[in-house]
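Heads up, the thing below is written out as structure tokens.
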Amino acid sequence: MAKLRSVKGMNDLLPSEIPRWHRLEQVFRDTVHRYGFGEVRTPVVEPTELFVRGIGDTTDIVEKEMYTFEDKSEKSLTLRPEGTASCVRAYLEHAVGNVEPVSKWYYIGPMYRRERPAKGRYRQFYQAGCEIYGDPGPYVDAELIDLVVTYLGRLGITDVEVLINSLGSGDARARYRQALLDYLRPRAAELSEDSQRRLERNPLRVLDSKAAQDQAIAAEAPSLLDHLDDEDRAHFDGLIATLDAFGTPYRVEPKLVRGLDYYTRTLFEVKARSADLGAQSTLCGGGRYDGMIGDLGGPPTPAIGFAIGLERLLISLPDETPAPTLDAFVVVQRPELAVEGAKLARELREAGLRVDADLRGNSMKSQLRRADKSGARYAVVVGERELAEGSVQLKDLHAGTSTSVARAALNETLAGE
RNA sequence: GUGGCUGUAGCUCAGUGGUAGAGCACUGGAUUGUGGCUCCGGUUGUCGCGGGUUCGAUCCCCGUCAGUCACCCCA
């Protein structure tokens with residue numbers, strides 16, 4: 001057992017599992033490109049203040065989950081716990097809003113949260129996400145939800161549930177908060193310990209508590225949707241009408257709240273229905289954050305985004321046979337022919353083929369076994385006889401047949417397949 | 001942060017108070033130049049780490065670390 005290990009909750013991804021990741025990423029890129037998004041790449045490290053102000057200092061993420069450290073100039077830096085704040089920072093820093101009215105960005109990359117690892121939850125984890133700046137919706141809200149469902153569908157993940165809700169905005173949200181407090185305070189003693197703590201700091205969070213005694217109280221609580229003002233209501237109705245027009249299935253969940261402070265109006269979540277993920281069934285979370293850009297010192301700009309947890313997708317992803325990674329495998333009859341074999345492999349690679357060889361001096365049996373396992377369609381055998389007559393033996397590993405091919409014609413023969 | 005379960009070969013796991021085994025994988029051969037099937041052989045371990053009980057611990061006890069699952073929260 002090695003003494004040097006990866007950091008708890010941060011995992012290696014070895015070459016054998018990378019094809020599945022490539023698939024997740026390629027299908028994501030292809031899908032978001034269809035919707036007009038462009039990729040953005042931001043640093044993994046940001047000033048701590050960005051997350052404190054952007055995500056909110058009452059959130060669990062900022063309160064206890066960030067990897068924060070001081071660099072040598074005594075600035076406080078933090079490993080990004082999510083992607084939205086960084087994107088907003090970049091959007092403002094480059095004054096992108098002055099150049100184009102609407103920006104549609106996507107990102108794929110690692111995020112860091114110091115939580116207790118569990119199935120589908122890691123300390124370094126990968127998210128793919130989208131952000132739209134400058135469009136107040138509600139059509140883009142529906143577009144994003146549709147995009148996520150489409151993406152998952154293209155991966156073969158169809159057993160999902162889309163939950164939507166509206167948190168309202170501005171005064172409506174403040175009024176609701178007050179109404180909720182008025183309802184909850186007299187019942188505070190009956191709430192769970194966690195919810196009692198949440199009560200004053202972020203009462204909305206009591207609504208999605210999983211504790212049984214909280215759920216009973218939450219069930220009778222005033223509904224968010226009843227407190228929306230006319231504009232919020234119209235926005236939410238517009239979202240629903242658009243989803244209906246798309247034929248995208250969804251469920252209105254008035255108690256859907258989510259843990260980040262910055263959300264306004266539209267909130268959504270996509271959950272896997274299969275049991276594979278245990279308690280971490282949320283595949284995707286997102287929502288509108290019309291206030292954040294202004295809060296961070298920019299011009300008031302409507303914004304909406306989502307993030308998908310790629311590890312969780314991977315758990316839900318149906319298995320597929322991986323594509324072969326090699327076209328041909330060179331085999332030499334005797335160790336003395338290693339240089340010939342290496343040269344041949346090089347020539348084939350130069351011709352654009354994916355080629356490997358095993359020139360450690362082991363037996364042909366062993367070399368052919370590796371050729372077989374590599375998934376290569378062909379083995380190219382170099383032996384005494386072949387060398388003498390300037391040919392090579394081309395063995396079709398699927399069919400089990402062999403043919404003699406003039407060495408000069410090998411490139412063409414292989415390329416023609 | 002709290003609780004449960006588990007740590008034996010690269011992987012999946014069996015096992016006994018007298019310091020270890022199987023299957024897979026890897027590898028040699030049966031076939032002095034031909035994979036996938038079959039057969040025969042071979043390599044691989046500080047039995048997670050530290051301490052205690054014992055003549056003796058991989059096994060029993062305590063601690064610790066790690067993994068995992070659940071809670072919390074989230075992706």
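The sequence lines fix the lettering, A, B, ..., with proteins before strands; numbering per chain opens at 1.
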Can A:Arg89 and A:Thr42 be counted as having a side-chain donor-acceptor contact under 3.5 angstrom? no
Is A:Arg29 paired with A:Glu39 through a side-chain N to carboxylate O contact shorter than 4.0 Å? yes
Between B:C49 and B:G45, how far apart are the P atoms? Round to whole Å, please. 14 Å
Gap between atoms NZ and P, on A:Lys8 and B:C65 respectively (whole Å): 9 Å
B:G1 base / A:Arg114 side chain donor-acceptor hit below 3.5 Å: no
B:G33 and B:C40, which share atom name P, separated by this distance in whole Å: 25 Å
Could you tell me whether A:Tyr122 contacts a base, only the sugar-phosphate backbone, or nothing, with contacts defined as non-hydrogen atoms closer than 4.0 Å? base
Between CD1 of A:Ile315 and C1' of B:C74 the distance, given in whole Å, is 14 Å
Send over the distance from A:Arg113 CZ to B:C72 P, rounded to a whole Å. 17 Å
Rounding to a whole Å, what distance do you find between A:Asp12:CG and B:A66:C1'? 15 Å
Would A:Arg346 and A:Glu350 pass as an ion pair if we require N to O under 4.0 Å? yes
Could you give the NZ-to-P distance, from A:Lys119 to B:C69, as a whole number of Å? 6 Å
Set of side-chain contact (heavy atoms from CB on, under 4.5 Å) partners for A:Arg370, sequence neighbours left out: A:Phe329, A:Asp356, A:Asp358, A:Arg360
Show me the dot-bracket string of RNA chain B, counting Watson-Crick or G-U pairs under 3.5 Å, with | for pairs to another strand and [ ] for crossing ones. (((((((..((((....[..)))).(((((.......))))).....(((((..]....))))))))))))....
Using a strict cut-off of less than 4.0 Å between a Lys/Arg side-chain nitrogen and an Asp/Glu carboxylate oxygen, indicate whether A:Arg80 and A:Glu82 qualify as a salt bridge. no
From CD of A:Gln127 across to P of B:C74 the rounded distance in Å is 13 Å
Under 4.0 Å, heavy atoms only, any strand: does A:Thr59 hit a base, just the sugar-phosphate, or nothing? nothing
Are A:Glu70 and A:Lys75 within salt-bridge range, i.e. N to O under 4.0 Å? no
Give the rounded distance in Å between these two atoms: CD of A:Glu311 and P of B:C74. 18 Å
Nearest-angstrom distance, C1' atom, B:G28 to B:C13: 27 Å
Assess whether a salt bridge exists between A:Arg288 and A:Asp141, defined as any Lys/Arg side-chain N lying under 4.0 Å from an Asp/Glu carboxylate O. yes
For B:U27 and A:Arg360 - does any side-chain N or O of the residue sit under 4.0 Å from the phosphate oxygens OP1/OP2? yes
What distance, rounded to whole Å, do you find between the two C1' atoms, one in B:U58 and one in B:U53? 16 Å
Roughly how many Å apart are B:A22 and B:G63, using the P atom of each and rounding to a whole number? 36 Å
Mind checking if A:Ala118 touches a base, just sugar-phosphate, or nothing, with heavy atoms under 4.0 Å? sugar-phosphate
Please say whether more than 12 non-hydrogen atoms of neighbouring residues, nucleotides or ligands are located less than 6.0 Å from CZ in A:Phe69. yes
Between B:U19 and B:C59, how far is it from one C1' atom to the other, in whole Å? 11 Å
Go along nucleotides 30-42 of chain B 5' to 3' and tag each nucleotide: B for a protein heavy atom under 4.0 Å from its base, S when only backbone or sugar atoms are that close, - otherwise. B--BBBB------
If you assign each of A:Asn11 and A:Ala307 to its closest nucleotide in RNA chain B, which residue comes earlier from the 5' end? A:Asn11
Rounded distance in Å between the P positions of B:U16 and B:C39: 29 Å
Is it the case that A:Thr264 and A:Ser169 place a side-chain donor and acceptor less than 3.5 Å from each other? no
Describe the nucleic acid contact of A:Ile61 in one word from base, sugar-phosphate, nothing, applying a heavy-atom distance below 4.0 Å. nothing
If you measure from the Lys or Arg side-chain nitrogens to the Asp or Glu carboxylate oxygens, is any gap between A:Glu143 and A:Lys104 under 4.0 Å? yes
For A:Asp358 and B:C26, what is the distance between atoms CG and C1' respectively, to the nearest whole Å? 12 Å
Would you tell me whether A:Tyr106 and A:His33 have side-chain atoms, one donor and one acceptor, within less than 3.5 Å of each other? yes
What integer number of Å spans the C1' atoms of B:U31 and B:C37? 14 Å
Do A:Arg205 and B:C72 have a side chain to base donor-acceptor pair shorter than 3.5 Å? no
On RNA chain B, more 5' by nearest nucleotide between A:Pro117 and A:Val270 is A:Pro117
